[in-house]
Each structure stands twice: as C-alpha cells, then as structure tokens.
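A quick write-up on the structure given underneath.
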Amino acid sequence: MAERITREDALTREGFRHACHIMLYGDSSAKLFGKIPIKHIVLMQMRFDGLLGFPGGLVSPSKETLEAGLSRELHEEVGVAVPVGVDDHISSCLSQSPSSPRLITHFYIKKMTEPELKEIERAAVTTATDHGLEVMGMVRVPLYFLKNGGGLPYFLSHSFICNSRAQLLSALLHCRLLSQGELEKAVRQAEQMRR
Ligand code: GTP
Ligand code: MN
Ligand code: MN
Ligand code: MN
Ligand code: MN
Ligand code: MN
C-alpha cells in the first residue's frame with residue numbers, strides 16, 4: 001500500500017519527482033449487445049510498456065502547477081488539453097513501487113459528458129502526438145459482470161503501472177460507479193484468474 005499524504009505536504013517534499021494522472025469518466029445509456037447497460041464510460045490507456053494506466057505523466061512543480069502539468073500531459077496523450085483544477089484532486093501518495101522510487105503520484109478525477117468523452121477518444125487517435133508511441137490506445141474499463149469472470153474481473157486481472165489499479169478501485173467506489181460488494185466480488189474473481 002502506498003502512503004497517503006496531502007497535496008500541500010507533497011509540494012514541500014524535496015528530492016521527489018511528481019506524477020499526475022487522471023480518471024476521465026461519465027455516464028452512458030449505451031447497452032452492450034443491446035441489453036447489458038454499460039452505465040459509465042471510464043477511460044484508461046494501454047501504455048507503451050504493455051501496462052494499463054491512466055493518462056497523465058511527470059510534472060515539474062518548479063516550472064508549472066500540478067494541474068497545468070497534467071493538462072499539458074493530457075494534450076500530449078489524448079490530444080485535448082482538458083482543463084484540470086485543484087478541485088479535481090483526489091489523492092497524493094508516496095509511491096512504494098521499487099521501479100519508481102522517490103515518486104509522488106497525484107490522482108485526479110473529472111466527470112465529463114458522453115459526447116466530450118467520445119471526442120477525447122477520437123482526438124487520442126487523430127491529434128495526440130503520443131499516439132502509437134508512448135500511448136498504444138485509450139481503453140474503456142468494463143464495469144459489468146458477464147459469465148465466467150468476463151467484464152470487470154478479467155479487466156482487473158491484467159497488469160497495471162505503479163498504483164494505478166488501486167487508484168481505479170478507489171475511484172470507482174468514490175464516484176459510486178460500483179458498490180463495495182461489487183468491487184470485492186470483482187477483485188476476488190480477478191485474484192482467482194491470476195493463479
Ligand atoms: P515521459 O514524460 O515521456 O517520461 O512520460 P510521462 O510523463 O507520460 O510519464 P508516465 O505517465 O509514464 O508517468 C510517470 C511515472 O508515474 C511512471 O514511471 C509510473 O511509475 C507512474 N505512473 C504512470 N502511470 C500511472 C498511473 O496511472 N497511476 C500512477 N499512480 N502512477 C502512474
Ligand atoms: Mn459483435
Ligand atoms: Mn506523457
Ligand atoms: Mn504518461
Ligand atoms: Mn511527460
Ligand atoms: Mn513523453
């Protein structure tokens with residue numbers, strides 16, 4: 001588990017790098033196979049290293065605010081400089097991942113409309129400079145449960161960068177996109193698949 005600190009505390013720490021990532025999400029009335037409501041669109045990305053993660057990246061607080069840096073990364077990675085405010089900040093963590101020591105991960109959540117999210121998916125392919133390079137493509141998180149672990153359990157059984165899997169789980173709960181019980185069920189089923 002990564003240690004939670006406040007945004008203010010994070011900015012006073014010396015010798016740390018800062019990474020800001022965001023969950024862009026919204027409601028949808030679309031139905032899978034014409035019958036299973038997808039309920040929400042939640043965007044993640046397939047990274048260049050084959051891991052799933054959120055859009056965003058390294059920010060230099062000495063040169064830009066965390067939120068301006070995150071907007072800049074969004075412009076590079078999804079082709080739209082989505083405005084991000086301090087109000088969208090959800091958590092800051094001291095990363096415990098051995099692969100990224102002395103890193104503070106800041107996480108943001110922003111709710112958008114379905115047309116806005118679809119425009120981001122389009123721009124991520126057509127105008128984002130990182131498309132096909134640092135970002136292999138945006139993906140939507142399946143939030144439903146199909147037979148034999150299909151949907152969210154299989155999604156959670158993939159490999160995620162740093163603490164992005166924990167960020168996803170806490171965000172789904174925070175935004176009430178899933179109940180605690182549904183989340184526990186998905187995590188349990190995903191755990192069985194990884195064995
Ligand atoms: P470059 O500027 O090209 O180096 O990439 P970037 O700025 O886009 O950086 P990246 O998105 O890879 O994030 C920087 C570091 O943050 C990574 O090395 C990971 O350790 C970590 N990281 C990446 N994505 C996520 C994420 O979704 N959540 C969390 N918590 N950490 C992430
Ligand atoms: Mn089909
Ligand atoms: Mn980037
Ligand atoms: Mn990035
Ligand atoms: Mn970067
Ligand atoms: Mn880059």
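Remember, it's 1-based here, ligands and their atoms both numbered in the order they're listed. Source: prediction; values computed, not measured. Only heavy atoms go into these numbers, but all of them, side chains included; no hydrogens, no water, no symmetry mates.
Between H89 and Y108, the two ring planes are perpendicular [angle over 60°; tilted spans 30° to 60°].
Closest N/O/S atom of E77 to the Mn ion (ligand 3): OE2. If you look at E73 and ask which of its N, O or S atoms sits nearest the Mn ion (ligand 5), the answer is OE2.
The cationic atom of K185 (NZ for Lys, CZ for Arg) lies less than 6.0 Å from the six-membered ring centre of F145 and within 45° of the ring axis.
When distances to the Mn ion (ligand 4) are checked against a cut-off of 2.8 Å, G56 contributes an N, O or S atom below that limit.
In this structure, D9 contributes its side chain and T6 its backbone to no donor-acceptor pair below 3.5 Å.
When each of L143, I109, I41 is tested with Y25 by the rule side chain to side chain contact (heavy atoms under 4.5 Å, CB included), just one qualifies, namely I109.
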